[in-house]
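Below: one structure, written as structure tokens.
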Amino acid sequence: MSADHVSLVDVNNFYVACERAFDYSLRNRPVVVLSNNDGCVVARSQEAKDLGIPTGEPFFKIQRYMDSHNLAVRSSNYELYGDMSARVMELLGRFGTWHEVYSIDESFVGLEGNLEQVRSTAAQIRAAIDKTIGVPVCVGVSSTKTLAKLANHIAKHNPGLGGVCVQQLMDPEVLGSIMNRVPVTDVWGVGRKTGAKLAAMGIETIADLQAADPLAIRKKFSVVLQRTVFELNGQRCIGPVEERADRGQVMFTRSFSTPVRTYEAMEEVMSIYAQKAASRLASEGRYASLLTVTAGTSRFARGEASFPSAQVRLPRPTRDPILLSKLAIAAMRDLMQPGMDYVRGGVILSGLSDTPGEQQLDLFGQNVDPAAQEQENVSSVVQDISLRFGAKSIGLGHAGLARSPEWSMKREHISQRYTTDWDELLVVRA
DNA sequence: TCTGGGGTCCTAGGACCC
DNA sequence: TCTGGGGTCCTAGGACCC
């Protein structure tokens, strides 16, 4: 980051916007997108927000709105969202002096020039994304990331601004009244718990936090919140977003559509999830040195709970799907209590590196263990195929996908994969 | 009946060493 | 047996984010 301006660009109600970009029947009516398994609401259109539907609301509680308020419902379609995100990010990369992708629908972009020029560039970004991709974005501009987030928040809540807010161009009185009114929990990095603790100290609004003593904040909380105070005062201290390839772990965890109770079903889960996680590692060209398996009963159920979790240190960095699958199955078998209703489970790979561990070779350069050598060969073939044709194309043992397991994900309201699947391309009739 | 998934960062505390 | 401090490394857990 240089001595220019920081902007935050994000898509309004991203998942809903993606669905709407391809389906005109979803415009001007309440729309929600559901989590995996169609469990609860993860994204809402403005109309759905106006109906009072909160994020995280279980689907069954709002199903009645489908009839009474013409509510449209979609299962989440991550192929579509990932593809739309890539298009937005590619376009954003053409504007600005630097570009950091922060999440699936948010980027920080460095903008140069005087404030009027910056406002004009922000408006161009907005128009370009709307025209070529068909999703609405808001742009907030200020001197630090935390303030740019805040400016974006202001742009979103004040339609009169036309989706762009350059904080330095705001009327100081208007800005001041916002800072004195907006609760501190709306600041990036201040959540519910910290908000409650701050409130107990009399720090309730953004202006209160801005005026707080950074040293006192550091002592009572952490350097994280201290940095937030600095950033609110225009001092940049939040560094660049790390590149994805450097990140620390790969997870594959899911809720099941029906509970898993037996060793056999759990083995199937662990086997498939370990292979999915391994295939993700392969696509990123990385290897793991630590395997974690988890499972859990419902947090909402009465009666005895069970949250088995174990870590397995791998003998050497690997992404071998057979090895990971076997180890995950074995670790979970020792821990789970058959008969309990497990509603979720997962596999986490961490301790990631770019190079595999050394194989143990004998004096003649042969692998010490012929069985291990053979497994090595099979695994690399499996990895090769799943890299070329996708993880669904091949599976080992339990993961042979001749049938979908009973517990696998429910997606009853899925939209078409307009952009990523040849069989579901949008047909335009002229 | 039905309640998401995938991450990051920081801190405290224990084990171990000199 | 008791006395002491400083340092590193690792892990678990908390808090937050989208």
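Worth saying up front: this structure is predicted, and the values here are computed from it rather than measured. Within every chain, numbering begins at 1; the chains are lettered A, B, ... in the order of the sequence lines, protein sequences first and strands thereafter.
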Item checked: Whole-Å distance separating the CZ atom of A/Arg411 from the C1' atom of B/dG5 -> 13 Å

Next item on the list: On DNA chain B, check which nucleotide each of A/Gly56 and A/Gln249 is closest to and give me the residue with the more 5' one.
Entry: A/Gly56

Checklist line | Nucleotide C/dC16, atom P - distance to NZ of A/Lys149 in whole Å | finding: 15 Å

Next item on the list: Kindly point out which of B/dT3, B/dG6, B/dG4 is positioned nearest to the side chain of A/Pro58?
Entry: B/dT3

Next item on the list: Please report, rounded to the nearest Å, how far the P atom of B/dG5 is from the NZ atom of A/Lys410.
Entry: 13 Å

Margin query: Starting the side chain at C-beta, find the nucleotide from B/dG5, B/dC9, B/dG4 nearest to A/Arg227.
Written below: B/dC9

Next item on the list: Would you kindly say whether A/Thr355 and A/Tyr287 are connected by a side-chain donor-acceptor distance under 3.5 Å?
Entry: no

Check: Rounded to whole angstrom units, what separation is found between the CD1 atom of A/Ile104 and the C1' atom of B/dG4?
Finding: 14 Å

Margin query: Looking only at the side chain of A/Tyr102 (C-beta and beyond, no hydrogens), which of the listed nucleotides B/dC2, C/dC18, B/dC10 gets closest?
Written below: C/dC18

Margin query: Quick check on the 6.0 Å ring-centre criterion: do A/Tyr15 and A/Tyr78 meet it?
Written below: yes

Next item on the list: Return no unless some side-chain N or O of A/Ser222 is found under 4.0 Å from OP1 or OP2 of B/dC9.
Entry: no

Check: Atom CG of A/Asn37 and atom P of B/dG6: how far apart are they, to the nearest Å?
Finding: 12 Å

Margin query: Distance check, rounded to the nearest 0.5 Å: A/Arg313 atom CZ versus A/Leu327 atom CG?
Written below: 13.0 Å

Notebook entry, point to check: Any ion pair linking A/Lys145 and A/Glu231 (charged N to carboxylate O, less than 4.0 Å)?
Noted result: no

Margin query: Taking any heavy-atom pair under 4.0 Å as a contact, classify A/Arg313: base, sugar-phosphate, or nothing.
Written below: sugar-phosphate

Check: With respect to the side chain of A/Asp105, which nucleotide from B/dT11, C/dC18, B/dC2 is positioned closest?
Finding: C/dC18

Notebook entry, point to check: Does a side-chain N or O from A/Ser255 land closer than 4.0 Å to OP1 or OP2 of B/dG5, or not?
Noted result: yes

Next item on the list: For A/Val343 and for A/Arg254, find the nucleotide of DNA chain B with the closest heavy atom, then tell me which residue's nucleotide is more 5'.
Entry: A/Val343

Margin query: If stacking means aromatic ring centre less than 5.5 angstrom from the base's six-membered ring centre, planes under 30°, is A/Phe300 stacked on B/dT3?
Written below: yes

Checklist line | Pairing nucleotide - C/dC18, Watson-Crick or G-U, each distance under 3.5 Å | finding: B/dG5

Check: In whole angstrom, what separates A/Glu284's CD from B/dG6's C1'?
Finding: 12 Å

Next item on the list: Could you tell me whether the side chains of A/His99 and A/Ser107 share a donor-acceptor contact shorter than 3.5 Å?
Entry: yes

Next item on the list: Compare the minimum distances between each of C/dA12, B/dG6, B/dC2 and the side chain of A/Gln311, then state the nucleotide with the smallest one.
Entry: C/dA12

Margin query: Any side-chain N or O of A/Thr253 below 4.0 angstrom from OP1/OP2 of B/dG6?
Written below: yes

Notebook entry, point to check: When you compare B/dT3 with C/dC18, how far apart are their P atoms, in angstrom units rounded to a whole number?
Noted result: 25 Å

Margin query: From C-beta outward on A/Arg299, which listed nucleotide comes closest to its side chain: C/dC18, B/dT3, B/dG4?
Written below: B/dG4

